[in-house]
Number of protein chains: 2
Amino acid sequence: MSRPTAHEVLAAVLQIRDGHLQVLAWQRAREPDAGRWALPGGRLRDDEDVEASVRRQLAEKVDVREIAHVEQLAVFSDPDRVPGPRTVATAFFGLVPSDADPALPADTAWHRLADLPPTAFDHALIVRDARERLRAKLSYTNLGFALAPHEFTISELRALYVGALGHPVSATNLQRVLTRRGLLQPTGAIAPPGPSGGRPAGRFRFTDRSLRVTDAFAVLRPPGEVARSAVP
Amino acid sequence: MSRPTAHEVLAAVLQIRDGHLQVLAWQRAREPDAGRWALPGGRLRDDEDVEASVRRQLAEKVDVREIAHVEQLAVFSDPDRVPGPRTVATAFFGLVPSDADPALPADTAWHRLADLPPTAFDHALIVRDARERLRAKLSYTNLGFALAPHEFTISELRALYVGALGHPVSATNLQRVLTRRGLLQPTGAIAPPGPSGGRPAGRFRFTDRSLRVTDAFAVLRPPGEVARSAVP
DNA sequence: CCAAAAGTGTTATCCGTACACCCATGG
DNA sequence: CCATGGGTGTACGGATAACACTTTTGG
């Protein structure tokens, strides 16, 4: 029949660095899957829900203040997903701003998704889901704030979107879209030009640093609603 | 520390009937929460994953062949979400076409979401999540197929969308949007007019009866991609 | 004065809603 | 011939991608 099952939480924490999507993982020292890279996480305690659990366990790897966004991805529950006692996992998706460079434990490192070493168990599936979620939400939410530093130039922001979406993004149109949606705010500060000159870039910040849906009704919106109106 | 936790699956199965969103629930006979209405579900077995489990347990209430779509919603894991041993729930969202009228057990019935009787535990949260997921996905996927019979008129389809979205929908524009996306196919058949006359309606079907995203990039789409081009 | 980078203006195109208009049937 | 409901055509506004053009710096 049905015995209690162990429950663990796992997090695919992503960051864009030098234009590449990275994920946080630690190298397993012991069997099973020794040498392979695993996502941070661990067993759910009796006195915490899954979100509290994943935040607690991530705190062992990264300063929690540097995690800009955390959300549930899905449950992974194949009976044979890990050897040993049956363990169900709640997978999370996390984002760390590109300027954060947390101190990491010795067995822990960032890895580029494009060149991911062998991963433990079903963790590659979780990473794939996380990347897809990030791509989708960048389009219809303000989730960009979680990839970006507090202040940035449009060029820097463009590089982050390129890394996350995996296709070219026009700085011109990116700025226009985010501005029209009321997500972007000029700080007034000016970034010095690079060594080869060029006009100095203005610095911007996101008006809001919590998740907001900016594009709720793609179609079939309620009558009278103007499409995707900018926020005042 | 951390003992094994019980794991259950729960499903908010929705159907539109007479223009109203309904959810399937059964009335608890025993404490705790006796008399209150609960979502179908139950304990996860050792040899099944959560999706197999929810389908198995739904089969006790509804003919599985009548469930047109099932997907994960979220994990509910508040330590006090149910009395007694700590139990984590994976919540699912299901859809039954409006023409299906499955035989139900004596304690089980459909309830309109607009007039939901007292629900057990945290099940009202799950129902709310399911309704929101349905609303969102009707806009950017072909999920309408899971609400509709195999064949239908545009008027009938419009009523389903109105019930699910909760706001007026123009039959004209609904047909145009779904047609442009290549989701709708005329069957050639004609529905007889009602008692008060009127032009007989053509009958349609969905070209595809599995979930497909039809509106992937709201903005920031890859260069060269024409916005939301129709499928040939 | 020229190259480089940032930012603004302009245009073509597409999409979705709203609404006017024609079509087919029953009484 | 009129009411009723079904379906198509058209106009309008909003949004985005693409690209030309101006602005501001370094050499």
- Item | Basic-acidic side-chain contact under 4.0 Å: R81(B), D49(A) | no

- Do we see a donor-acceptor contact under 3.5 Å between the side chains of T187(B) and R205(B)? no

- Task: Please work out if P192(B) contacts a base, only the sugar-phosphate, or nothing of the nucleic acid, heavy-atom cut-off 4.0 Å.
- Result: nothing

- Note on the structure: 5'-most contact on DNA chain D (nearest-nucleotide basis), G197(B) vs G202(B), goes to G197(B)

- Query: In whole angstroms, how far is the C1' atom of dG16(C) from the CG atom of L174(B)?
  - Reply: 12 Å

- Item | Listed nucleotide nearest any side-chain atom of V177(B), set dA17(D), dG16(C), dA5(C) | dG16(C)

- Query: Of the nucleotides dT25(C), dT8(D), dT8(C), which has the atom closest to the P193(B) side chain?
  - Reply: dT25(C)

- Query: Which of these nucleotides, dG7(C), dG6(D), dC19(C), is closest to any side-chain atom of I154(A)?
  - Reply: dG7(C)

- Task: Ignoring backbone atoms, establish whether R180(B) has a side-chain N or O less than 4.0 Å from OP1 or OP2 of dG16(C).
- Result: yes

- Which nucleotide in the set dC19(C), dG6(D), dG7(C) lies at the smallest distance from any side-chain heavy atom of T172(B)? dC19(C)

- Message: Could you check whether R203(B) and T153(B), counting side-chain N and O atoms only, form a donor-acceptor pair closer than 3.5 Å?
- Response: no

- What do you reckon, are the aromatic ring centroids of F76(A) and F121(A) less than 6.0 Å apart? no

- Task: Round to a whole Å and report the spacing from CZ of R199(A) to P of dT23(D).
- Result: 9 Å

- Could you work out which one of dT24(D), dG16(C), dC19(D) sits closest to the side chain of P200(A)? dT24(D)

- Return the value, rounded to whole Å, for the distance between atom CG of L165(A) and atom P of dT16(D). 15 Å

- Message: Over all strands shown, is G194(B) touching base, sugar-phosphate only, or nothing at heavy-atom distances under 4.0 angstrom?
- Response: nothing

- Report the distance from atom NE2 of H167(B) to atom P of dA18(C), rounded to the nearest whole Å. 10 Å

- Message: Base of dG9(D), side chain of R176(B) - is there a donor-acceptor contact under 3.5 Å?
- Response: yes

- Step by step, work out the side-chain contact (heavy atoms from CB on, under 4.5 Å) result for R133(A) and E71(A). CA-CA 10 Å; R133(A) 181 75 62 96; E71(A) 73 180 46; 2.7 Å; yes

- Spacing between L157(A) atom CG and dA5(C) atom C1', to the nearest angstrom: 17 Å

- Task: Could you check which of dA17(D), dT25(D), dG7(C) has an atom nearest any side-chain atom of N173(A)?
- Result: dA17(D)

- Would L134(A) and L21(A) satisfy side-chain contact (heavy atoms from CB on, under 4.5 Å), going step by step from the backbone distance to the final call? CA-CA 11 Å; L134(A) 172 60; L21(A) 244 185; 4.1 Å; yes

- Between R158(A) (CZ) and dA17(D) (P), how many Å, whole number? 14 Å

- Task: Take atom CG of D215(A) and atom C1' of dC15(C), then tell me their distance rounded to the nearest Å.
- Result: 13 Å

- Item | Length of the line joining F152(A):CZ and dA5(C):C1', which is rounded to integer Å | 18 Å

- Out of dG7(C), dC19(D), dT16(D), whichever nucleotide has its closest atom nearest the side chain of R181(A): dT16(D)

- Which part of the nucleic acid, if any, lies within contact of S155(B), taking any heavy atom under 4.0 Å across all strands shown: a base, the sugar-phosphate backbone alone, or nothing? sugar-phosphate

- Query: OP1, OP2 of dG6(D) versus side-chain N and O of Q175(B): anything below 4.0 Å?
  - Reply: no

- Message: Applying a 4.0 Å non-hydrogen cut-off, can you work out what S196(A) is touching in the nucleic acid: base, sugar-phosphate, or nothing?
- Response: sugar-phosphate

